[in-house]
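Take a look at the structure below.
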Amino acid sequence: MRPTYAYLGPEGTFTEAALLQVPEAADAERIPAASVSSALELVRTGQVRAAMVPIENSVEGGVSATLDSIATGDPLMIIGEQLVPIRFVLAARHGLELGDLKRVSTHGHAWAQCRGWSSANIPLTEYIPAASTAAAAAGLLDDSCSYDAAICAPLAAEQLGLDVLADNIGDVEDAVTRFILVSRPGALPEATGSDKTTLVVPLPDDHPGALMGILEQFATRGVNLSRIESRPTGQFLGDYFFSIDADGHLTDERIADAIRGLHRISPGLRFLGSYPRADQRSYGVPEHHQDKAFRDAHEWVRGILDRE
Ligand SMILES: O=C(O)C(=O)C[C@]1(C(=O)O)C=C[C@@H](O)C=C1
């Protein structure tokens, strides 16, 4: 059977661009989903092999819909990541000019990245949220559309035959969004030497130093964190979990040891995968945190216990 991949659609989203960067997905069947949670539901129910969803933008930060959907519900596993440079255009139906616009629609993360440009150039225009940049652009083709312009990718505007009223309207040059490829739990991708491990750690009971207790599991094993953010669990006010990316793979002794330590203090911990870094950046690990040092220490203790 041909493998199938889901993504946050419709066609023309940045998420589709991320999926097309995956060689196995480029020739596979691709299913556009209406939201991040419905893309992940297709994975959970086994209807697709994996789904591509946005997780983090260099300007606007974490994508809450993704952070929350992978942290709860049936377990999922991240098997890869992709980086996509983000360039936005303001697209409209034929015949309109900037001064004519009353309402503009796009994805919340895209709107946030163009806030400065919008307040300088279309200050009186009302913002209408959309499920994705491409959904906002496609809506313009509908006769009953309630807005007159969309912020989207240049390719989406071109494919839909929209007029581009302004190009490159993001407030920060070189903005990048990180996307993750998510499957059901299974065998881990092999370690490459430039990997990332993603975890969801519920804050153990609220007491002074609770967060410090989590962080020190990484610090004492020489594990660098590349992202940590707190999200509310939704259960009650003040109840949080931490979404964490650490440098390394579960097959690295220091990562496995840190995760064992975390499991002792926060048994509700979720392992969300070890997978190759998209930027292939290497990270130095001091000798005393390398696998050999962990194995030597383990054997040294074993030697003492094995004494007759
Ligand atoms: O709407 C899209 O085109 C998406 O792929 C979603 C998304 C996001 O969630 O951040 C992806 C990249 C951009 O940063 C803006 C929107």
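Both ligands and their constituent atoms are indexed starting at 1 by order of listing. Since the model is a prediction, treat every value here as computed from it, not as a measurement.
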* **Identity and distance of the protein heavy atom lying nearest atom 11 (C) of ligand 1** =>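 Heavy-atom neighbour on the protein nearest atom 11 (C) of ligand 1: Phe179 CZ, 3.9 Å.
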
* Does the N or O separation between Thr133 and ligand 1 drop below 3.5 Å for any pair? ->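 Such a contact does occur with ligand 1.
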
* Any N/O of Phe14 closer than 3.5 Å to an N/O of ligand 1? -> yes

Under-4.0 Å heavy-atom contact with ligand 1, by part of [X] that carries it:
| X | value |
| --- | --- |
| Thr15 | both |
| Pro54 | side chain |
| Thr177 | side chain |
| Leu8 | side chain |

* Asked: Is there a donor-acceptor contact under 3.5 Å linking the side chains of Arg49 and Ser183?
  ->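 Ser183 and Arg49 do not have a side-chain donor-acceptor pair below 3.5 Å.
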
* To do: Give a yes-or-no answer on whether the side chains of Ser274 and Asp195 include a donor-acceptor pair shorter than 3.5 Å.
  => no

* **Contact atoms of ligand 1, heavy-atom distance to Asn57 under 4.0 Å** => 14 (O)

* Structure fact -> If we number the atoms of ligand 1 from 1 as shown, the ones under 4.0 Å from a heavy atom of Thr13 are 2 (C), 3 (O), 5 (O)

* Examine Phe14 together with Tyr7 and report whether their ring centres are nearer than 6.0 Å. =>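 No.
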
* Are Phe241 and Ile55 connected in the hydrophobic side-chain network, where two residues link if heavy atoms are under 4.5 Å apart? ->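 Same cluster: Phe241 reaches Ile55 through Ile, Leu, Val, Met, Phe, Trp or Tyr contacts under 4.5 Å.
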
* How far apart are the closest heavy atoms of Leu140 and Ala92, and which atoms are they? -> CD1-CA, 4.2 Å

* To do: Starting at CG of Asp247, measure out to OG of Ser226 and round the result to the nearest 0.5 Å.
  => 5.0 Å

* Between CG on residue Leu101 and CD on residue Glu126, distance to nearest 0.5 Å -> 12.5 Å

* To do: Look at Arg231 together with Glu229 and state whether they make a salt bridge at an N to O cut-off of under 4.0 Å.
  => no

* Counting heavy atoms only, which of His109, Glu16, Arg87, Glu60 is nearest atom 10 (O) of ligand 1? -> His109

* If hydrogens are left out, which of His107, Met52, Glu56 has an atom nearest to atom 9 (O) of ligand 1, that is, the closest non-hydrogen atom? -> His107

